[in-house]
Asks: 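Supplied in structure tokens, the structure appears directly below.
All residue numbers in this chain count up from 1 along the given sequence.
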Amino acid sequence: MPENRDPVVHLDRGFWIATTVMSVLALLAIVFWVEVPITGLMPEAVDKAQQIDALFRFLAATGTALWIFVCGFILYFALKFRRHAGTPENAVGVQIHDNNKLEMWWTIIPTVFVIVMAFFSIKIWAGIEFAPNNTLVVEALGRQWYYTFRYPNVNGEVKEMHLPLGQAVTLQVSSYDVIHSFWIPAMRLKADMVPGMINTLEFTPTRAGKYEIICTEFCGTFHGEMHSGTNQNPAYVYIDTPAQYSAWYARTQRQQATASNAISVPSTSQLNLAGGDAKAGAAVFSAKCSACHAIGPFDQRIVGPGLKGVLYDPAHPDLVNGQKATPENVAKILQNGFKGSLGQMPNQAQNGLTNKDIVNLVAYLKTLK
């Protein structure tokens, strides 16, 4: 049975009028996103915020313009080619095949767009992830349901986060219990807080003030407390002038001198590895290490390499830090942690390991031949 095909329809005046209207709307949308005062809603508190806002404006402007054209043409063609009275029920619309020029352009334009977007995204991401030298290193630790912070040469953990204006900061983010997500809107920066893993953010504070910290990952019954904060656990970051920060730092050092929540700093002394309990080491490995290391060949990675035969593998006679695979050098990595191409491993204090735990872990690794 022959199909009742509609005659070929050429683009008429109505199409070009609709296209012109959509072009004007798209242009207005682009101007809106370029000019919208984002900083009136969220101030830019660090140097990276301006770059992230620029990327956001680019994505919002192009995305809104694209949305206007897609929705506009769907609406236009739905009205233009709607079924009219008297049209046969088995009528088939105009069939278009093999328009190579059209297919070429709808492949090239999105590809160029994605490449441009990826280039600027990676450039900004690299600036956030990779630390310059001589930064202030601050650790942010998530708990159910509050944050604590550690500073160099400050005993234990503190409940307020203070940063000095104009000084480069490396923020190391981790968690004690469950997965949280650490977000400071004024900084435009966010990082997951994962137990046993350290994520880093690099930035320089550029605007003094008090800014809220928000957890964007549902982390339990009182997840909302991570947003609003309480008198005991204020969820804010304070960006101070250098003089204000120095005064706070000195006062905090004095107050924390006898704090009971002190965590020992990583040890650089060599442990006596004799008498380790391999069975106890296996239990520690299961609790502390198995999230990142498999008991398998070196190439069986989770986060770090597989550790079966770590002390006996002729294909990998050196550890990831370039030192020989000996029990003593394994113990040093457990004490001091590691940061390299394979990721970042927490140190002894961050992992909550005692010296006895390390001795037992080394004894266990010796059994993995």
Asks: Indicate if Val362 and Val320 have the same hydrophobic cluster label, given that clusters are the connected sets of ILVMFWY residues with side-chain heavy-atom separations under 4.5 angstrom.
Replies: yes
Asks: What do you reckon, are the aromatic ring centroids of Phe58 and Trp33 less than 6.0 Å apart?
Replies: no
Asks: What do you reckon, are the aromatic ring centroids of Tyr151 and Trp248 less than 6.0 Å apart?
Replies: yes
Asks: Group every Ile, Leu, Val, Met, Phe, Trp and Tyr by side-chain heavy-atom contacts under 4.5 Å, then state whether Met42 and Leu189 land in the same group.
Replies: no
Asks: Going through the distances and angles, do Val178 and Gln144 end up as a side chain to side chain contact (heavy atoms under 4.5 Å, CB included)?
Replies: CA-CA 8 Å; Val178 300; Gln144 288 183 311; 3.8 Å; yes
Asks: What do the steps show when you test Asp12 against Lys80 for side chain to side chain contact (heavy atoms under 4.5 Å, CB included), and what is the final call?
Replies: CA-CA 11 Å; Asp12 58 11; Lys80 175 70 178 178; 2.5 Å; yes
Asks: Is the side chain of Ser246 donor-acceptor paired with the backbone N or O of Ala243 at a distance under 3.5 Å, no angle test?
Replies: no
Asks: Give a yes or no on whether the backbone of Thr87 and the side-chain of Arg83 come within a donor-acceptor separation of less than 3.5 Å.
Replies: yes
Asks: Counting only N and O atoms by type, is there a donor-acceptor contact under 3.5 Å from the side chain of Arg57 to the main-chain atoms of Val36?
Replies: yes
Asks: One pair to check against side chain to side chain donor-acceptor pair (under 3.5 Å): Glu44 and Thr39. What are the steps and the verdict?
Replies: CA-CA 6 Å; Glu44 295 173 342; Thr39 53; 5.9 Å; no
Asks: Do Gln300 and Ile295 have side-chain heavy atoms sitting under 4.5 Å apart?
Replies: no
Asks: To the nearest 0.5 angstrom, please state how far the CD1 atom of Ile52 sits from the OG atom of Ser121.
Replies: 10.0 Å
Asks: If you look only at distance, which donor and acceptor atoms sit under 3.5 Å apart when one is on a side chain in residues 103-114 and the other is two or more places apart or in another chain?
Replies:
from   : atom 1 : to     : atom 2 : distance (Å)
Thr107 : OG1    : Glu103 : O      : 2.8
Thr111 : OG1    : Thr107 : O      : 2.7

Asks: Using 30° and 60° as the class limits, which term best fits the ring planes of Tyr238 and His162: parallel, tilted or perpendicular?
Replies: parallel
Asks: Can you see which heavy atom on Leu201 is nearest to which on Lys190, and at what distance?
Replies: CD2-O, 4.1 Å
Asks: Which atom names give the shortest non-hydrogen contact between Met226 and Cys215, and what distance separates them?
Replies: CB-CB, 3.4 Å
Asks: Under a 4.5 Å cut-off applied to non-hydrogen side-chain atoms, are Thr64 and Thr62 in contact?
Replies: no
Asks: Pair up each side-chain donor or acceptor in residues 309-318 with any protein partner under 3.5 Å, not counting sequence neighbours, and list the distances.
Replies:
from   : atom 1 : to     : atom 2 : distance (Å)
Tyr312 : OH     : Lys366 : O      : 2.6
Asp313 : OD1    : Ala315 : N      : 3.0
Asp313 : OD2    : His316 : ND1    : 2.8
Asp318 : OD1    : Lys324 : NZ     : 3.4

Asks: Would you say His223's side chain and Glu217's backbone share a donor-acceptor pair under 3.5 angstrom?
Replies: yes
Asks: Could you check whether any side-chain N or O of Ser286 sits under 3.5 Å from a backbone N or O of Ala283, counting only pairs where one atom can act as donor and the other as acceptor?
Replies: no
Asks: Determine whether Ser174 and Glu139 make a side-chain contact, defined as any pair of heavy atoms from C-beta on separated by less than 4.5 Å.
Replies: no
Asks: Hey, does Thr148 have a side-chain heavy atom less than 4.5 Å from the side chain of Leu141?
Replies: yes
Asks: Looking at every non-hydrogen atom in both residues, tell me the closest pair between Tyr76 and Gly14 and how far apart they are.
Replies: OH-C, 3.5 Å
Asks: Hey, could you give me the CZ/CD distance between Arg251 and Gln255, rounded to the nearest 0.5 Å?
Replies: 6.0 Å
Asks: Would you say that Val138 contacts Arg150 through its side chain, given a criterion of any heavy-atom pair below 4.5 Å between the two side chains?
Replies: no
Asks: Indicate yes or no: does Asp277 engage Lys356 in a salt bridge with an N to O separation below 4.0 Å.
Replies: no
Asks: Would a single hydrophobic cluster contain both Ile74 and Leu66, if residues Ile, Leu, Val, Met, Phe, Trp and Tyr are joined by side-chain heavy-atom contacts under 4.5 Å?
Replies: yes
Asks: Could you tell me whether the side chain of Asp53 and the main chain of Gln50 form a donor-acceptor pair under 3.5 Å?
Replies: no
Asks: Ring-plane angle category for Tyr249 and Tyr245, please: parallel below 30°, perpendicular beyond 60°, tilted otherwise.
Replies: parallel
Asks: Ignoring hydrogens and geometry, is there a side-chain-to-backbone donor-acceptor pair from Asp47 to Thr204 under 3.5 Å?
Replies: yes
Asks: Which value, rounded to the nearest 0.5 Å, describes the distance between Ile333 atom CD1 and Ile358 atom CD1?
Replies: 11.5 Å
Asks: For side chain to side chain contact (heavy atoms under 4.5 Å, CB included), just list the numbers for Phe203 and Leu163, CA-CA rounded to whole Å, side-chain angles, deciding distance to a tenth of an Å, and then say yes or no.
Replies: CA-CA 11 Å; Phe203 56 87; Leu163 300 175; 3.7 Å; yes
Asks: Indicate yes or no: at least one non-hydrogen side-chain atom of Asp357 is less than 4.5 angstrom from one of Thr354.
Replies: yes
Asks: Decide yes or no on side chain to side chain contact (heavy atoms under 4.5 Å, CB included) for Val359 and Asn272, but give the supporting numbers first.
Replies: CA-CA 8 Å; Val359 173; Asn272 180 0; over 6 Å; no
Asks: Answer whether the closest heavy-atom distance between the side chains of Pro152 and Leu136 falls below 4.5 Å.
Replies: yes
Asks: Of all the heavy-atom pairs spanning Pro195 and Asp177, show the shortest one and how long it is.
Replies: CG-O, 3.0 Å
Asks: For the residue pair Val173 and Ala191, what are the closest heavy atoms and their distance?
Replies: CG1-O, 4.2 Å
Asks: Please report the shortest heavy-atom distance between Ser175 and Met193, naming the atom on each side.
Replies: CB-O, 3.5 Å
Asks: Check whether more than 12 heavy atoms from other residues, nucleotides or ligands sit under 6.0 Å from atom CZ of Phe120, and answer yes or no.
Replies: no
Asks: With the 4.5 Å side-chain cut-off for hydrophobic clustering, are Phe77 and Trp67 part of the same group?
Replies: yes
Asks: Say you draw a straight line from CG of Leu273 to OG1 of Thr326; how long is it, rounded to the nearest 0.5 Å?
Replies: 9.0 Å
Asks: Are side-chain heavy atoms of Ile213 and Tyr236 found at a separation under 4.5 Å?
Replies: no
Asks: Using distance alone, with no hydrogens and no angle criterion, decide if Thr170 and Glu202 have a side-chain donor and acceptor under 3.5 Å apart.
Replies: yes
Asks: So, Gln253 side chain and Asn153 main chain: donor-acceptor pair closer than 3.5 Å or not?
Replies: yes
Asks: Just verifying a value: how many Å separate Lys48 NZ and Thr206 OG1, rounded to the nearest 0.5 Å?
Replies: 10.0 Å
Asks: Ring centres under 6.0 Å, that's the criterion: do Phe15 and Phe73 meet it?
Replies: yes
Asks: Would Gln244 and Thr241 count as having a side-chain donor-acceptor pair, cut-off 3.5 Å?
Replies: yes
Asks: Is Ile124 reachable from Ile38 through a run of hydrophobic residues whose side-chain heavy atoms are each under 4.5 Å from the next?
Replies: no
Asks: Do Asn360 side-chain atoms and Ala280 backbone N/O form a donor-acceptor pair below 3.5 Å?
Replies: no
Asks: Is the closest basic N to carboxylate O distance between Glu157 and Arg143 below 4.0 Å?
Replies: yes
Asks: To the nearest 0.5 Å, tell me how far Trp145 CH2 sits from Thr221 OG1.
Replies: 5.0 Å
